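To keep things clear, I will list the structure first and then write my remarks on it.
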Amino acid sequence: MLLLRRIVQERRSHCGFSSISPLHVVFMLCCLIFVNSCIKHSFVLQALGLILWIVCWADLFYSFWERSQNIFRAPFFLISPTVLGITMLLATFLIQHERMKGVQSSGVMMIFWLISLLCATVIFRSKIICSREGSLDAFRYVTFCTYFILLLVQLILSCFPEKPPLFSEAVNDPKPCPEFSASFLSRITFWWITGLMIQGYRRPLEAKDLWSLNKEDTSEEVVQPLNILYSSKKQQKSSDSNGEVTEEAEALIIKPSQRNSEASLSKVLYKTFGPYFLMSFLFKAAHDLLMFAGPEILKLLINFVNNKNAPDWQGYFYTGLLFVCACLQTLILHQYFHICFVTGMRLKTAIVGVIYRKALVITNSARKTSTVGEIVNLMSVDAQRFMDLATYINMIWSAPLQVILALYLLWQNLGPSVLAGVAVMILLVPVNAVMAVKTKTYQVAQMKSKDNRIKLMNEILNGIKVLKLYAWELAFREKVLEIRQKELKVLKKSAYLAAVGTFTWVCAPFLVALSTFAVYVKIDKNNVLDAQKAFVSLALFNILRFPLNILPMVISSIVEASVSLKRLRVFLSHEELDPDSIIRGPITNGEHALPFSINFTVPEGSLIAVVGQVGCGKSSLLSALLGEMDKKEGYVVVKGSVAYVPQQAWIQNATLEDNIIFGREMNESRYKRVIEACALLPDLEILPMGDRTEIGEKGVNLSGGQKQRVSLARAVYCNADTYLFDDPLSAVDAHVGKHIFEKVIGPKGILKNKTRVLVTHAVNYLPQMDTILVMTDGEISEMGSYQELLKQDGAFAEFLRTYANAEQSRESSGNMMIHIFIVKNRESLSFLNEVSSQLKTKSSFPGIAVFGYSMAVSIGGIFASQHLHLDLLHNVLRSPMSFFERTPSGNLVNRFSKEIDTIDSAIPPIIKMFMGSTFNVIGACIIILLATPIAAVIIPPLGLVYLLVQRFYVATSRQLKRLESVSRSPVYSHFNETLLGVSVIRAFEEQKRFIKQNDVKVDENQKAYYPSIVANRWLAIRLEFVGNCIVLFAALFAVIARNKLSPGLVGLSVSYSLQITAYLNWLVRMTSDLETNIVAVERVKEYAEMEKEAEWSIEESAPASTWPEEGKIQFQGFGLRYREDLDLVLKNINITINGGEKIGLLATATAHVVFLSLFKKKFWSTCCVLHGLSIMSFYESLELAHLKNFVSSLPDKLNHECSEGGENLSVGQRQLVCLARALLRKSKILVLDEATAAVDLETDNLIQSTIKSQFEECTVLTIAHRLNTIMDYTRVLVLDRGEVVECDSPDNLLQAKGLFYSMAKDSGLA
């Protein structure tokens, strides 16, 4: 200390301390920055912090030394260095703490150093003044200069990010998001995304250009907390639940018994995402307080202009303060928006994840109440509602706060007259309440119609092949449009209501200001409305305008989210499968038990057959063994793992190899054995890329037999302990079935040591079974070996005798002919409850103009949406089958759900607000130019900067939105695929893998969404800075020309310039939203340019009404391929089929099978609505299709509703329903594509006799795997690799001993 004092004295004696050379400061800074680049950043910061602590306490020890020299100073000289020293020491510790946490750039420390430097700057100025006057303490001057320079260095260094500490986790991500490695300044200005913006401006962005999602934004981190919290809450309330399944539409009516559940979900969402909203709360509160700084500074500025004696520096100070406040307001506001948008993104991720996880565990009965279309709506529309709410939720408290603060300041300015404005606002509250109630009612109705429309569209897309083969496009188009008309009717009512709401809230600030000023002037003659009171009040009224204008949108968003919350709550409260319904563990006595209804034990390694008539419960038995049924009593014990082959093969949109391996490790030798055993080797030769061939959605590029064999190979490859086969042989040819049984299922197959339960109608395999179960009406009527059942001479023996007699007596049938109808062998199209509606089309005040343009935009938007939807529907229905084969249905459902919803509900209000903001900005600029013409020098250049930045942003924004839209469709496709194969996924216990896949797809979607919201903030900050510059120059020009301008013009100019930032903020947001959402129109219009089929009806070439007259079919050199880029599947077909002939079609490898169609409708209306036939005709067709007894046993009889895809019917019953539909039309040409593959032999014989009697004069073409059904046909056509190899009568073909003979021999018919 003495040495330092001596140095100071010497320095003072030689050089003096009047000033410090800037060169010294620059040199010291350069040295320190060089040292920082050579040494680790954090070490330099900590070293400087310790030096600051030493410098501060040097003053403290110097004060003690002075006291020892009997120089007593004020206590300040002891307290100040002590507090400063402790502060610097704590700051050093904080630097080390943040370094340990891996923080690379601390915002807290940067703000601390900035505030410390600003405070030190004031003292530094004082010390310089003191040094010039000669009254200076040299030692304290030196220490303070050192302190000041070190603070400056700390601030500069804190602007640069630090490298991660050595002990931090290694980041293996090849494309990490640069956000967290960016400096604090870069983060608050969103500068870190500039590189991506430049890249997007130079060339189109690709998915590989996007950064990985931040860890805290991934599904893995976001979904789990919500899922855990909701599961625990649900368990707490499960005792109060009555277990009833509720329709989602019904749940939109609030019932007292439902409030607990709903409150629970709301509470869980709050607990999960509440902390994020707390941060946004703090930013929003700071922004709202800063918002009122503008009018107060405006008051000071007007006073300055009024006071001609005020020094100029005051005006410049107020101008600078106004600019700084505006910039701070911009930075804080967009940090708030960023938090809200990120929270909304996380909220959507969590909701999608929870819905997906719930869909994997709900019971089959619950599935019937929530169709695929409804659940997709939950994931798309309802999740988006929550996402939108996240940006508005803080306005619930912020809007009242802004109103209260504005009214308080108005009271300070105008006194009690402000109560008149309050009275106007109170009078508007009931109006707002009524509109909120009506809005909710319309929202409920709109969502119900939307669900119905998406449900129907999903069913149409799933069964589009059926639709086209039946030529039902126009009929279903009208049904979709009926629902759409009802939806548009509600939308139009909502538009009227929205226009009234806009009119009310636009008029509100005007009425409030008018009433307040009028009362102020009238209540006292001394009240003069001068420039200060008028323009400060107008500035406050303009602030008041925003919360009042935004309230309708906030209310609408809250109402929409509340409706979505109820819908989500209903789905999440659906009953779940009981994981304990099946006991998975060892079984005593070395046996493998599978009890059902009665004591029934399957010995380990045995082969069990389950037989019975259609609808007797065979598939239900397997479902019970899988835990898919509600267990009322008893128990099921399964030892080891289970593999399941469903009756309807479920194929993923993946390569054939991936479908077989199904997530397991590749074992080449086992894989090859499985391929050979499942008879897939010939198929691999046909497929373009062998087992690497991409299989389309639902296996569209595979035949029915190929799909079943792939499904079988999947089960065999997994090497499970127990195998459940639900009639897998019905979809394959007889010789292929024989191969599969011998090589896979039978006593000598590769599964010979496994426990196998086989549901089958093939009686020729029954003698090889260890045990046979005979099912009758849901119960096991007989059980035993083949010989034991024959000895019992019961129902099974009678059934075998009937079958044998049927084989020996082949009957011939007569000639046939008329329209082509196709009955097919597999599944899925249904359609929903009937809806019918018609599309009805039901003055000097500023609000009237707003009301007019609001109505015009809303109604215009509805008409535009109507035409866009109509064009989309028309174009999709007219697209060829090749389009549907290469386009996942999720993409199409996304167009009809999310994109149409965006066009319906999002774009019209955005256009309205965009136009309003644009006119507000233009009007404000014109007023500023009129008040201060000199502003014309700066406003055009700033406008040019605005346009350039906007254009730069749009290039990247559009591409990010495109990538986000493209990556959204796989989420829906994967979800749709999961719902269709959920029983298989659960059977193989692959839920975790599929959840992981869903999370990855959602994260891929959010990877594109996250940069888009950051880019929006990037744009907003830069454009609002342009607005802040307008505020700066408007105030600056007013100060410069204060002697020429009246206070009124200054107030007018500055008050409107203050509003420009808010207008620009909203304009930026609306521009971004418009650019973002207009992509929906682009995606809807995309299908207009696609290849189309011919017109549905061509009058010039239309056949006569009596066509076809003979039913004669002739092929000459006929070839067929599915798409232009694929090989021919049929080659050089030359054959003539005369009227009335019955032709059997057989194929050696593949039979190109189509689908059966079922409608989500009552039994009678399913056919009668389309065909216009009577109920009596329907009863007759049911009897001929052998469904009359089944329908009579149903509680609702003919009013029984088939669920989506006919899931509440067995596969055999679905085929019979389709046969009944064909019988209604008495077709001249009947094509049967494995129409009886899934029915028992007895029912098959009855159906064959029905066909012979009812279609005696018709031409019949039958694709059959059961050869006994075509042995009495006129001719049999045998195809091999797409070419006709045999064509003759069955007897002649048997004598020729060719391919047909070998097939008949494999079936036991030769």
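Quick caveat, the model's predicted, so the values are computed rather than measured. What you see below is based on every heavy atom in this structure, not just the backbone, and it leaves out hydrogens, waters and symmetry mates.
Smallest separation of non-hydrogen atoms from A679 and H739: CB-CD2, 3.6 Å. Between V716 and R670, the closest heavy-atom pair is O-NH2, 2.7 Å. Minimum interatomic distance between Y644 and L622 (heavy atoms only, all atoms of both residues): CE1-CD1, 4.4 Å. Here the closest heavy-atom approach between residue A720 and residue S641 is recorded as CA-OG, 3.2 Å. Residues I772 and L766 come closest through the heavy atom pair CD1-O, 3.8 Å. Here the shortest heavy-atom pairing between I675 and I660 reads CD1-CD1, 3.5 Å.
At most 12 heavy atoms of other shown residues, nucleotides or ligands fall within 6.0 angstrom of atom NZ in K743.
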Q.
As a quick check of understanding, evaluate side-chain contact (heavy atoms from CB on, under 4.5 Å) for I1270 and V1276, giving each step before the final call.
A. CA-CA 8 Å; I1270 61 170; V1276 173; 4.2 Å; yes
Q: Go through L724 and T722 one step at a time and tell me if the side-chain contact (heavy atoms from CB on, under 4.5 Å) criterion holds.
A: CA-CA 7 Å; L724 306 178; T722 303; 4.2 Å; yes
Q: Given side-chain contact (heavy atoms from CB on, under 4.5 Å), test L1279 with V1284 step by step and report yes or no.
A: CA-CA 5 Å; L1279 297 169; V1284 177; 3.7 Å; yes
Q: Decide side-chain contact (heavy atoms from CB on, under 4.5 Å) for Y671 and R664; before the verdict, give the C-alpha distance in whole Å, the side-chain angles of both, and the deciding distance to 0.1 Å.
A: CA-CA 11 Å; Y671 179 75; R664 288 164 171 76; over 6 Å; no
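Taking the side chain as every heavy atom from C-beta outward, I661 and M666 approach each other to under 4.5 Å. Within the 4.5 Å cutoff, the side chain of I985 has heavy atoms near those of the T978 side chain. You'll find the side chain of P728 reaches within 4.5 Å of the side chain of L758, heavy atoms only. Residues L621 and L773 meet the side-chain proximity criterion, which asks for heavy atoms closer than 4.5 Å. The side-chain heavy atoms of Q647 and V759, taken from C-beta on, include no pair separated by under 4.5 Å. Considering only heavy atoms from C-beta on, R692 stays 4.5 Å or farther from L656 through its side chain. The closest side-chain heavy-atom distance from R709 to V736 is below 4.5 Å. L1145 is listed as a side-chain neighbour of I1143, based on a closest heavy-atom distance under 4.5 Å.
Between the side chain of Y723 and the backbone N or O of A715, at least one donor-acceptor pair lies under 3.5 Å. Using a distance-only test at 3.5 Å, with no hydrogens or angles considered, a donor-acceptor pair links the side chain of K618 to the main chain of G612. For the pair N659 (side chain) and Q652 (backbone), a donor-acceptor distance under 3.5 Å is present. Between the side chain of S623 and the backbone N or O of S619 there is at least one donor-acceptor pair closer than 3.5 Å. With W650 contributing its side chain and E977 its backbone, the two residues share a donor-acceptor pair below 3.5 Å. The backbone N or O of F1300 lies less than 3.5 Å from a partner atom in the side chain of E1286, making a donor-acceptor pair. Checked by atom type and distance alone, the side chain of R714 never pairs as donor or acceptor with a backbone atom of V710 at under 3.5 Å. R756 places a side-chain N or O within donor-acceptor distance of the main-chain N or O of G746, the cut-off being under 3.5 Å. Side-chain N or O atoms of D770 include one that pairs as donor or acceptor with a backbone N or O of L607 at under 3.5 Å. Side chain of Y717 to backbone of N667: a donor-acceptor contact under 3.5 angstrom is found.
T771 OG1 to E788 CD: the interatomic distance, rounded to the nearest 0.5 Å, is 8.0 Å. For the atom pair CZ (R673) and CD1 (I750), the distance works out to 7.0 Å, reported to the nearest 0.5 Å. Distance CG/L751 to CZ/F725: 5.0 Å, rounded to 0.5 Å. For the atom pair CD (Q792) and CG (L790), the distance works out to 9.5 Å, reported to the nearest 0.5 Å. Taking CD of Q708 as the start and SG of C678 as the end, the distance is 10.5 Å to the nearest 0.5 Å. Going from atom CE of M769 over to atom CD1 of I745 covers 7.5 Å, rounded to the nearest 0.5 Å.
A donor atom on one side chain and an acceptor atom on the other are found under 3.5 Å apart for Y1273 and T1262.
Between F741 and Y765, the ring planes are parallel. Angles under 30° get that label, and only those over 60° would be called perpendicular.
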